[in-house]
4 protein chains.
Amino acid sequence: MAPKLRQKRRDGLKRQAQLMDVAMEIFAEKGYHSTSVEDIVNTAGVAKGTFYLHFEGKKDVLDKIIESYFSMLYESLKVLDISVPRPVEEIKETYMNVSRALIADTRMKQFVRLLLSEMMGLDRGLTYRINDFFNRIVQMSTGYMRKAQHENRIISTIDPVMISHGIIGSVKELLYQWAVIDENIDLERAISDLVDVYFRGMILE
Amino acid sequence: MAPKLRQKRRDGLKRQAQLMDVAMEIFAEKGYHSTSVEDIVNTAGVAKGTFYLHFEGKKDVLDKIIESYFSMLYESLKVLDISVPRPVEEIKETYMNVSRALIADTRMKQFVRLLLSEMMGLDRGLTYRINDFFNRIVQMSTGYMRKAQHENRIISTIDPVMISHGIIGSVKELLYQWAVIDENIDLERAISDLVDVYFRGMILE
Amino acid sequence: MAPKLRQKRRDGLKRQAQLMDVAMEIFAEKGYHSTSVEDIVNTAGVAKGTFYLHFEGKKDVLDKIIESYFSMLYESLKVLDISVPRPVEEIKETYMNVSRALIADTRMKQFVRLLLSEMMGLDRGLTYRINDFFNRIVQMSTGYMRKAQHENRIISTIDPVMISHGIIGSVKELLYQWAVIDENIDLERAISDLVDVYFRGMILE
Amino acid sequence: MAPKLRQKRRDGLKRQAQLMDVAMEIFAEKGYHSTSVEDIVNTAGVAKGTFYLHFEGKKDVLDKIIESYFSMLYESLKVLDISVPRPVEEIKETYMNVSRALIADTRMKQFVRLLLSEMMGLDRGLTYRINDFFNRIVQMSTGYMRKAQHENRIISTIDPVMISHGIIGSVKELLYQWAVIDENIDLERAISDLVDVYFRGMILE
DNA sequence: TATGAATGAGAGTTCATTCAT
DNA sequence: GATGAATGAACTCTCATTCAT
């Protein structure tokens, strides 16, 4: 039935991508647990079986969504990863880069909403993956700070790891405010200001 | 089980308090959705019916847990709430106070774990309540900063609301690291250092 | 709803036994795979959940049915198991004993129907359990025959193992005819005659 | 795949024959119900649609397998069917003939495995067809025995029908042991010995 | 208060079958 | 003939909640 519809859909997004988009939309709106596979397929206008043709199960869509978006975000990290000697203030770029990547793609807002208000605690493996991503940033940030401490350019009494977690936490919170509470926030400026305050607070003289 | 231990609690609420403790323990360990009412009653050593004698349902026990812990946390906010004119650096106390309240009670670590890795996104009403608590701190912090900006004591270009959210985010993140990842973190010192950096970064001269 | 019915049922069989009886009836009639859990609970007049209160799943009912009936049948084997020196003709008792146990309990006919026309090949573990039962008889029978061969009382050229399997097969077939095709067969006499023929054919002189 | 190998089969039936072979292989290994059409087409290396081009459904491929193998087996029965007056001992040939037919074709072992451990109880119609085959042998055997009883050459107290079923059962059991448990059994000798014992047990003088 | 067997709506998943290409 | 994405009925299983005792 409705062969025309079927045909039309094939022209646009492929099924799997379409279902991932639809799923993320509903996950972000109702939450992962409150979303049933039926919700997804009804919204997508396909049969239940079609869902299981493309995903191993409900958990698998979420995994594939995360894989897809995280691979984009990891891209935005690579830029700084290879760089070696940089002035301390440029750590800021690490944070700004990720933030810009998030703002650039409109679908990212939904992903951030999902990431920051749903995913933590959903599943042990998932939590590890998310924490891994942020830990990678923490490690980069920590490395830079340690070096700067040795060169006597920032305060030596602070623990770079803790401060890095603090910055990450700040950025997460601003992202949450932007993605969930008020989309009119000038996110880039807010993050820029915030990181500036951090560095002003750390730099010696 | 262990009825003697619980005997000390406010009379009439023994069972309810016991069940709330048990529930929080399991929620914090396995997550709200993965915890069944059966898990709770089995661990508590009571029958299913008994649970529904004290709570309206699974959601209700979580609500009551939150109510109970949030009322304690709101207490720790009141101290500053009534304070009138203070030097800018003392905003720090707002954050330190809440943090100390969390560290003081050992059961708080479980609550923090639950709060920061499970509750967001569980339920609209719940999310509002949690955000309300943090917003209250943000408002207090923002108020102080605005005043300090008028008195030309901190940078005027930054948005106090955003920076306040940033500080809250930092504190949340450190709490998460402490409650979920590594309980050996010297939380109080980390938060103190972090807030110091923030203020060094904001203060003029 | 229907609290009276619920009450009445509790007086008679216990739920688990009732469900096992109902399940065996339907399995024997429609076959295990063609029987849905819904069929069972509808016939038993209980809710789906009740089924899963007593069994781990569809497979588990079958396992419990088998366990229950096999433990009865193993009882009927024990009689001969401890006996040591016996005249060769009395091996017959091994077969007659099991047969009588099957005929005695009216519910056994359904079990035999299930056993001989459904269970083989349902599941590796199940098949092993069934074969184990028959192998036990084969072993007993084989032991007696070997002894009789040494004493030169039965033909020495035949393989006791194969002949024992043969007798088992004969008995199975007669049971199948009785349980599935024609319940009016005089099973005891048929088995008696059959075993007689076997022994007349084996005995020297 | 391996299209060259299949090329030799009767033209026009290549695909169908290939699919039947593959299906029987998997049925015999995993059981009919645990085998999905997908298993079959994956192993055969064709698309799902192709399967339905050659068979009406999953059940149909089993029907066609049975039809194919039973027609071969019925061939092996015809030999004796037309025979007229024979000495009683030669009934043995009826059994030996079928057995030899089974051993001769290597694919028959799979069919026997399927037949004796899977098919009974799969489906009413199927069960009838299988029983019909064995009943035909029983009828032949019974006819011979009745005649022999009249001629006072075998014991008159036994029921030829029951004894015939017994012999069939014995043969089935040995076939099962050979096809499923231990392929090294000298099946022909075992069946020969077994039928000999039967007749020694029945013959007068 | 306390119990726990019973409930049943609802969720996730499978798979034989179809049909436009 | 051949394909394989799509279908959807059917099934197993879960679990928050109720209520007679």
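In this structure, B:Gly49 reaches the bases: a heavy-atom distance under 4.0 Å links it to at least one base atom across the strands shown. Among the atoms of the strands shown, base atoms are found under 4.0 Å from some heavy atom of A:Lys48. Within the 4.0 angstrom heavy-atom criterion, no nucleotide atom of any strand lies near D:His33. Heavy atoms of C:Thr35 sit under 4.0 angstrom from primed sugar atoms or phosphate atoms, though from no base atom.
D:Phe55 places its CZ atom 15 Å from the P atom of E:dT18, with the value rounded to the nearest Å. Here F:dC15 presents its P atom at 8 Å from CG of B:Asp39, a figure rounded to the nearest Å. Distance A:Asp60 CG to E:dT13 P: 10 Å, rounded to the nearest Å. Between C:Leu62 atom CG and F:dT12 atom C1' the separation is 16 Å, expressed in whole Å. Atom CD1 in B:Ile40 sits roughly 17 Å away from atom C1' in E:dG4 (whole-Å rounding). One can place CD of A:Glu38 at 15 Å from P of F:dA10, the figure rounded to the nearest angstrom. The CZ atom of D:Phe51 sits 15 Å away from the C1' atom of F:dG4 (whole-angstrom rounding). What separates OH of A:Tyr52 from C1' of E:dT17 is a distance of 20 Å, to the nearest Å.
When the side-chain nitrogen and oxygen atoms of B:Thr50 are compared with OP1 and OP2 of E:dT3, one or more of them lie within a distance under 4.0 Å. Look at A:His54 and you won't find any side-chain N or O under 4.0 angstrom from OP1 or OP2 of F:dA5. Taking only side-chain nitrogens and oxygens, D:Arg15 comes nearer than 4.0 Å to OP1 or OP2 of F:dA2.
Taking the ring centroids of B:Phe70 and B:Phe111, they lie under the 6.0 Å cut-off.
For F:dA10, the paired nucleotide is E:dT13, the pair qualifying as Watson-Crick or G-U wobble because both relevant distances are below 3.5 Å. In this structure E:dT21 sits in a base pair with F:dA2, meeting the Watson-Crick or G-U test at under 3.5 Å.
With D:Ser68 contributing its side chain and D:Lys64 its backbone, the two residues share no donor-acceptor pair below 3.5 Å.
Side chains of A:Arg15 and A:Gln18: a donor-acceptor N/O pair is present below 3.5 angstrom, by distance only.
Map C:Leu53 and A:Gly57 each onto its nearest nucleotide of DNA chain E; the residue landing nearer the 5' end is C:Leu53. Each of B:Lys58 and C:Lys59 was assigned the nucleotide of DNA chain F with the nearest heavy atom; the assignment lying further toward the 5' end belongs to C:Lys59. Mapping A:Ala47 and D:Ala47 onto DNA chain F by nearest heavy atom places D:Ala47 at the nucleotide closer to the 5' end.
With a 4.5 Å cut-off on side-chain heavy atoms, C:Val37 and C:Phe55 do not count as touching. In this structure, A:Lys58 and A:Tyr32 have side chains that are in contact, with non-hydrogen atoms separated by less than 4.5 Å.
For the P atoms, the distance from F:dT21 to E:dT1 is 23 Å, rounded to whole Å.
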